[in-house]
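Computed from a predicted model, the values in this text were never measured in an experiment.
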Amino acid sequence: MSVMEKVSEATEPGTAEAASNEPVKTESNESAPTMASQIKYISLGVLVLQTTSLVLTMRYSRMQKEEGPRYLPSTAVVAAEVLKIVACILLVYKDNNYNLRSLKRVLQDEIVNKPMDTLKLAIPSGIYTLQNNLLYVALSNLDAATYQVTYQLKILTTALFSVCMLQKKLATHQWVSLLILMAGVALVQWPADSSKTPNKEVSMGSGIVGLMAVITACFSSGFAGVYFEKILKETKQSLWIRNIQLGVFGWMFGLMGVFIYDGERVSKAGFFQGYNNLTWTVVALQALGGLVVATVIKYADNILKSFAASISIILSTLISYFWLKDFVPTSVFFVGALLVVAATFLYGYVLKPSATAIKA
């Protein structure tokens with residue numbers, strides 16, 4: 001996932017700002033509920049579309065067998081960062097009434113003239129770059145359904161880092177949901193009968209590699225997300241400026257990774273070796289999908305985000321089975337997936353104050 005995919009949690013880019021900037025309702029009392037309902041459904045659709053399409057296209061792009069070299073995930077991460085930077089600069093340009101002088105002044109004042117504030121974003125950016133590369137590794141070794149369910153462990157890691165770094169207090173039902181989440185993921189990862197596995201080319205070893213990549217990505221997502229949330233509370237820069245800063249560091253770290261791990265292959269076959277329309281779709285979804293989500297996340301409450309995660313898991317399971325044909329669900333998987341979905345809802349559930357408490 002892209003740097004912007006952290007938007008789906010409260011610790012992700014833009015969420016803190018979006019949550020505090022709720023739109024002022026100017027409609028009449030009769031039309032306001034209808035408009036709010038429509039916006040919520042649109043937000044749900046966008047969240048589901050972005051989450052599901054990115055995972056499935058990324059998985060499909062890693063499964064394709066074509067003549068010639070396959071595209072390098074490390075270069076795709078860099079390409080996504082560059083595209084995101086360009087998109088954010090254009091959005092800042094738009095916010096400044098398409099005035100080049102104003103754009104130059106804003107970038108100078110907010111990025112160049114605030115080196116310490118900009119450098120603070122190097123840590124989460126570097127971790128997010130690592131995370132993005134790990135997700136390619138995960139989806140090269142795991143089917144989309146298993147990946148989607150297992151990646152919900154980021155709820156656990158984000159919660160734990162929030163407690164440790166932000167002194168956030170979790171309710172009892174949230175701690176219970178985390179235990180249910182771990183049980184569900186354990187069941188999803190329960191070894192299946194090898195004779196029923198559709199893709200026999202994927203060995204147990206590659207499955208373990210995929211699992212370790214997802215778990216590491218969950219921890220990196222949790223830590224970087226909470227760290228980024230801490231920075232958000234200390235600054236008042238716009239969402240687009242923050243993502244330009246993240247993108248610049250992400251581009252630099254990503255480029256270092258390309259030349260360290262894939263330098264020889266890049267020198268032989270080029271930076272964009274193996275790229276096709278599907279590859280560019282993955283890059284665009286990584287870079288731009290998160291920006292779209294950032295604009296609608298303010299309208300999505302915890303229940304809506306839980307619905308989005310659940311629907312995405314269901315869609316990934318169905319498409320993996322019927323279209324990609326790399327996954328055969330078992331009864332144990334279904335039980336584990338249901339536990340993960342239930343834990344997601346339970347964690348996001350906001351307890352209402354009791355009647356006695358209100359009277360008091």
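Of all the heavy atoms in Ala287 and Ala80, the pair that sits closest is CB-O, 3.2 Å. In plain terms, the two heavy atoms of Ala343 and Ser177 that are nearest each other are CB-O, 3.2 Å. Contact detail for Leu135 and Ala217: the closest heavy-atom pair is CD2-CB, 3.6 Å. Nearest heavy atoms, Leu54 versus Val282: CD1-O, 4.0 Å. Heavy atoms only, all atoms of each residue included: Leu153 and Cys218 are closest at CB-SG, 3.7 Å. Taking every heavy atom of both residues into account, Leu339 and Gly184 meet most closely at CB-CA, 3.8 Å.
Less than 6.0 angstrom separates the ring centroid of Trp280 from the ring centroid of Phe272. Two rings, from Phe333 and Phe327, have their centers less than 6.0 Å apart.
Remark: side-chain polar atoms of Gln273 are paired, donor with acceptor, to backbone N or O of Arg265 under 3.5 angstrom. Side-chain atoms of Asn276 come within 3.5 Å of backbone N or O of Leu278 as a donor-acceptor pair. Side-chain atoms of Arg62 never come within 3.5 Å of backbone atoms of Tyr136 as a donor-acceptor pair (strictly under, hydrogens ignored). Judged purely by atom type and a 3.5 angstrom limit, Tyr347 has no side-chain atom pairing as donor or acceptor with the backbone of Gln174. Judged by distance alone, the side chain of Thr158 and the main-chain N or O of Ile155 form no donor-acceptor pair under 3.5 Å. Panel note: side chain Asn99, backbone Arg101; a donor-acceptor pair is recorded below 3.5 Å. Listed for the Arg59 side chain is a donor-acceptor partner under 3.5 Å among the backbone atoms of Leu139. Looking only at distances, a side-chain donor or acceptor of Ser125 sits under 3.5 Å from a matching main-chain atom of Gly250. Looking only at distances, a side-chain donor or acceptor of Tyr275 sits under 3.5 Å from a matching main-chain atom of Ala76.
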task = For Tyr321 and Lys325, run side-chain contact (heavy atoms from CB on, under 4.5 Å): C-alpha distance rounded to whole Å, both residues' side-chain angles, the deciding distance at 0.1 Å, then the answer.
result = CA-CA 5 Å; Tyr321 178 66; Lys325 299 185 185 301; over 6 Å; no
request  = Would you check, one step at a time, whether the test side-chain contact (heavy atoms from CB on, under 4.5 Å) holds for Ile313 with Thr317?
outcome  = CA-CA 6 Å; Ile313 289 173; Thr317 302; 4.3 Å; yes
Test side-chain contact (heavy atoms from CB on, under 4.5 Å) applied to Met165 and Phe223, step by step = CA-CA 9 Å; Met165 297 171 62; Phe223 174 78; 3.7 Å; yes
ask   = Can Ser312 and Gln148 be said to form a side chain to side chain donor-acceptor pair (under 3.5 Å), step by step?
value = CA-CA 8 Å; Ser312 183; Gln148 282 279 53; 2.6 Å; yes
request  = Might you work through the side-chain contact (heavy atoms from CB on, under 4.5 Å) test for Asn243 and Lys84, ending with a clear yes or no?
outcome  = CA-CA 8 Å; Asn243 280 282; Lys84 187 188 71 175; 4.1 Å; yes
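A heavy-atom distance below 4.5 Å is found between the side chains of Leu90 and Val86. For the pair Lys154/Phe219, no side-chain contact is recorded, criterion being any heavy-atom separation below 4.5 Å from C-beta on. In this structure, the side chains of Leu119 and Phe249 come closer than 4.5 Å at one or more pairs of heavy atoms. Residues Thr157 and Ser221 are not in side-chain contact: their nearest non-hydrogen atoms beyond the backbone lie 4.5 Å or more apart. Between Ser102 and Asn97, the closest side-chain pair of non-hydrogen atoms is not below 4.5 Å. Put simply, the side chain of Val258 reaches to within 4.5 Å of the side chain of Phe271, judged on heavy atoms. Side-chain contact between Phe228 and Arg242 is present, with at least one heavy-atom pair separated by less than 4.5 Å. With contacts defined as side-chain heavy-atom distances shorter than 4.5 Å, the pair Val185/Gln152 does not qualify.
Met58 and Leu130 are members of different hydrophobic clusters when ILVMFWY side chains are connected at heavy-atom separations under 4.5 Å. Linking ILVMFWY side-chain heavy atoms closer than 4.5 Å, directly or via other members, places Ile180 and Trp190 in a single hydrophobic cluster. Linking ILVMFWY residues whenever their side-chain heavy atoms come closer than 4.5 Å, directly or via other members, leaves Ile260 and Val78 in distinct clusters. One hydrophobic cluster, built from ILVMFWY side chains closer than 4.5 Å, cannot hold both Met256 and Leu134; they sit in different ones. Taking hydrophobic clusters as Ile, Leu, Val, Met, Phe, Trp and Tyr residues chained together by side-chain heavy-atom distances below 4.5 Å, Val163 shares a cluster with Leu156.
Judged by distance alone, the side chains of Asp143 and Ser320 never bring a donor and an acceptor atom under 3.5 Å apart. Residues Ser61 and Tyr71 have side chains that bring a donor and an acceptor to within less than 3.5 angstrom of each other. With 3.5 Å as the limit, one finds no donor-acceptor pair spanning the side chains of Gln189 and Thr146. Donor-acceptor pairing under 3.5 Å is lacking for the side chains of Thr57 and Thr281.
Distance CG/Leu103 to OH/Tyr98: 12.5 Å, rounded to 0.5 Å. Rounding to the nearest 0.5 Å places CG of Leu246 at 15.5 Å from CH2 of Trp251. The distance from atom CH2 of Trp175 to atom NZ of Lys169, rounded to the nearest 0.5 Å, is 11.0 Å. Put simply, CD1 on Ile244 and CG on Leu107 are 5.5 Å apart, with the number rounded to the nearest 0.5 Å. Residue Ile123 holds its CD1 atom at 12.5 Å from OH of Tyr128, rounded to the nearest 0.5 Å. The distance from atom CG of Leu56 to atom OG1 of Thr51, rounded to the nearest 0.5 Å, is 10.5 Å.
Looking at residues two or more places apart in sequence or on another chain, you find a side chain to side chain donor-acceptor pair (under 3.5 Å) between Thr118 and Gln245.
Note: Tyr151 and Tyr147 have parallel aromatic rings, judged against thresholds of 30 and 60 degrees for the angle between ring planes.
A salt bridge is absent between Lys114 and Asp109: the closest approach of a Lys/Arg side-chain nitrogen to an acidic carboxylate oxygen does not fall below 4.0 angstrom.
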